[in-house]
Amino acid sequence: MNQEPNRFGDERESSTQQANPTLQPVHVPLPRSAPYVTYTIIAITVIFYLLQLASQFLLDGDLPAALLLKSNEAIRSGQLWRLLTPALLHGSITHILFNMYALFSFGAGLERHFGHGRFLLLYVLGAFAGNVASFLFSEANSLGASTSIFGLLGAEGIFLLQNRKLFAGQFRSAIGNIIFVAAINLFVIGSLPGIDNWGHIGGLVGGLMFTWFAGPVWEIEGIAPALQLADQRPTREVVVGAATVLFVFGALAMWGMVR
């Protein structure tokens with residue numbers, strides 16, 4: 001008499017386990033490719049710095065900086081390229097080493113996630129947004145790739161936020177590290193004399209804005225074990241993201257020209 005209920009109970013338990021199997025985490029690597037855009041930007045920036053050094057040696061003046069740095073007076077006279085070109089220039093060996101190290105640290109991973117074209121667009125938009133903010137709020141001449149670097153920093157934060165389900169337990173530590181790095185650079189290093197913090201803030205906002213609309217959003221596709229990650233962000237949204245940054249900061253630049 002005692003055997004039957006136990007047998008039925010065992011069958012029910014077995015059926016329940018089959019219907020509700022224990023979920024196991026699956027490792028699906030993010031798409032990877034060589035970050036040759038990051039390497040190219042570093043190479044071009046180093047070449048421009050060598051041209052600055054050669055100009056100082058041969059001409060007793062920094063001709064690239066004179067033609068390309070952020071100068072509010074020159075921008076108001078119509079030299080609008082100066083809202084982009086300061087990212088190619090640096091004021092010292094320490095300056096360029098710090099920025100190129102930061103570019104390599106953040107850029108290599110971001111380029112693999114964003115793709116080559118979208119990453120280049122992010123870098124350029126960060127430079128533009130940062131120099132527009134500097135143009136609006138700082139009269140000092142400035143130069144350096146930190147506008148773009150802060151754009152990458154903002155992009156990294158939004159990328160982690162929008163894909164947090166994929167990073168599981170790593171998300172909190174990763175986003176906390178991004179916030180810590182941004183805070184140190186803005187509120188500690190940015191408060192030092194000679195630092196164009198408005199350029200940093202503008203680059204950060206530009207990177208945040210672009211990635212919110214245009215950053216990669218990964219979803220797992222396929223049947224185990226043949227799983228892969230696919231970017232669900234359509235191309236039209238990348239175009240909208242870039243256009244939004246250009247429109248907002250372009251309008252701000254026009255306002256700065258006529259105010």
Side-chain angles (χ1 to χ4, degrees), residues 41 45 65 68-76 78-91 95-96 98-100 102-103 105-107 110 114 118-159 161 178-215 238 240-259:
I41 293 173
T45 307
L68 302 176
L69 60 68
K70 192 226 80 177
S71 164
N72 287 10
E73 182 180 357
I75 292 171
R76 290 192 181 101
Q79 298 180 27
L80 300 182
W81 63 83
R82 293 177 185 263
L83 294 173
L84 285 175
T85 53
L88 297 170
L89 308 172
H90 289 85
H95 191 198
I96 189 172
F98 181 83
N99 278 345
M100 293 304 97
L103 172 55
S105 299
F106 286 105
L110 271 178
F114 276 57
R118 185 163 37 178
F119 174 79
L120 179 59
L121 191 56
L122 166 65
Y123 192 86
V124 172
L125 290 173
F128 177 65
N131 284 299
V132 168
S134 177
F135 170 59
L136 291 175
F137 301 109
S138 173
E139 289 297 324
N141 293 345
S142 61
L143 73 179
S146 54
T147 49
S148 293
I149 303 301
F150 270 83
L152 302 185
L153 190 64
E156 178 82 8
I158 296 298
F159 171 75
L161 180 65
I178 294 295
I179 294 172
F180 175 77
V181 171
I184 290 295
N185 279 275
L186 288 175
F187 300 114
V188 178
I189 298 176
S191 64
L192 298 175
I195 301 297
D196 185 4
N197 215 25
W198 284 112
H200 296 168
I201 294 170
L204 182 68
V205 173
L208 289 169
M209 186 182 299
F210 174 72
T211 309
W212 182 264
F213 293 106
V238 177
V240 168
T244 300
V245 176
L246 287 173
F247 176 78
V248 171
F249 284 91
L252 290 171
M254 291 179 62
W255 175 70
M257 296 277 288
V258 300
R259 67 173 180 170

> Is the number of heavy atoms from other residues, nucleotides or ligands within 6.0 Å of CE (Met257) greater than 12?
Replying inline: yes
> What are the two closest non-hydrogen atoms of His95 and Gly144, and how far apart are they?
Replying inline: CE1-CA, 3.8 Å
> Can you tell me how far the CG atom of Leu120 sits from the OG atom of Ser148, to the nearest 0.5 Å?
Replying inline: 10.0 Å
> With respect to Ser134, which candidate in Asn197, Asp196, Asn141 satisfies the side-chain hydrogen bond (donor to acceptor under 3.5 Å, both in side chains) definition?
Replying inline: Asp196
> If you look at every heavy atom in Phe119 and Leu103, which pair is closest and at what distance?
Replying inline: CZ-CD1, 4.4 Å
> Which heavy-atom pair separates Gly199 from Thr147 by the least distance, and what is that distance?
Replying inline: O-CG2, 3.5 Å
> Who are the side-chain hydrogen bond (donor to acceptor under 3.5 Å, both in side chains) partners of His90, not counting sequence neighbours?
Replying inline: Asn99
> Is there a side-chain contact (heavy atoms from CB on, under 4.5 Å) between Arg82 and Leu69 once you walk through the steps?
Replying inline: CA-CA 6 Å; Arg82 293 177 185 263; Leu69 60 68; 4.0 Å; yes
>> Return the CG to CD1 distance between Leu208 and Ile158, rounded to the nearest 0.5 Å.
In response: 5.0 Å
> Are the side chain of Lys70 and the backbone N or O of Ala140 linked by a donor-acceptor pair below 3.5 Å?
Replying inline: yes
> Could you state the interatomic distance from CZ (Arg118) to CG (Leu121), rounded to the nearest 0.5 Å?
Replying inline: 9.5 Å
> When you look at Leu161 and Trp212, which way does the side-chain contact (heavy atoms from CB on, under 4.5 Å) test go after all the steps?
Replying inline: CA-CA 10 Å; Leu161 180 65; Trp212 182 264; 4.1 Å; yes
> Applying ring pair (Phe, Tyr, Trp, His ring centres under 6.0 Å), which residue pairs with at least one partner in residues 127-146 are found, sequence neighbours left out?
Replying inline: Phe137-Trp198
> Nearest 0.5 Å, what's the OG1-CD1 distance between Thr45 and Ile96?
Replying inline: 6.5 Å
